[in-house]
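All of these numbers come straight from a predicted model, not from anything done at the bench.
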Amino acid sequence: MRSRSQIHETNDPLPIVIFGGGFAGLFTALHLRDLHSCPIILIDQSWNFVFKPLLYELLTSEVKLELICPRYDQLLHNKRSPQKSA
């Protein structure tokens, strides 16, 4: 871990940490990814985002699992992809 003086001596941006990958956390990560060049770290208990409004359609085989439960790394993938921590 870097000391406070070491942080101020480098030009490396500090990461933005988002706790929770629900609708608000995911939307925030997607929005900040496009605005900032600093690393974004999304922390959630699982590797997948669950879009609960479509669970009924999943149970009735109207949609595929990949549409309901996409992985965070797939949703957030780009050049400055936010890191996912479980």
Side-chain donor/acceptor of Asn48 to backbone N/O of Val50, under 3.5 Å: no

Interatomic spacing from CG in Leu14 to SG in Cys38 - rounded to 0.5 Å: 8.5 Å

Under 3.5 Å: donor-acceptor pair, side chain of Tyr72, backbone of Gly21: yes

What side-chain donor-acceptor pairs closer than 3.5 Å can you find for residues 61-70, not counting sequence neighbours?
{"residue": "Glu62", "atom": "OE2", "partner": "Thr60", "partner atom": "OG1", "Å": "3.0"}

Listed partners of Phe23 passing side chain to side chain contact (heavy atoms under 4.5 Å, CB included), at least two apart: Phe49, Phe51, Pro53

Straight-line distance of Lys52 NZ to Leu58 CG, nearest 0.5 Å: 13.5 Å

Distance (rounded to the nearest 0.5 Å) between Ile16 CD1 and Leu35 CG: 9.0 Å

Point-to-point distance, once rounded to the nearest 0.5 Å, from CZ of Arg33 to CG of Leu42: 12.0 Å

Linked, directly or transitively: Phe27 and Leu54 (ILVMFWY side chains, under 4.5 Å): no

Shortest non-hydrogen contact from Gly20 toward Asp44: C-OD2, 3.6 Å

Side-chain heavy atoms of Ile18 within contact of Ile43, under 4.5 Å: no

Value rounded to 0.5 Å, distance of CG in Leu32 from CG in Leu76: 11.0 Å

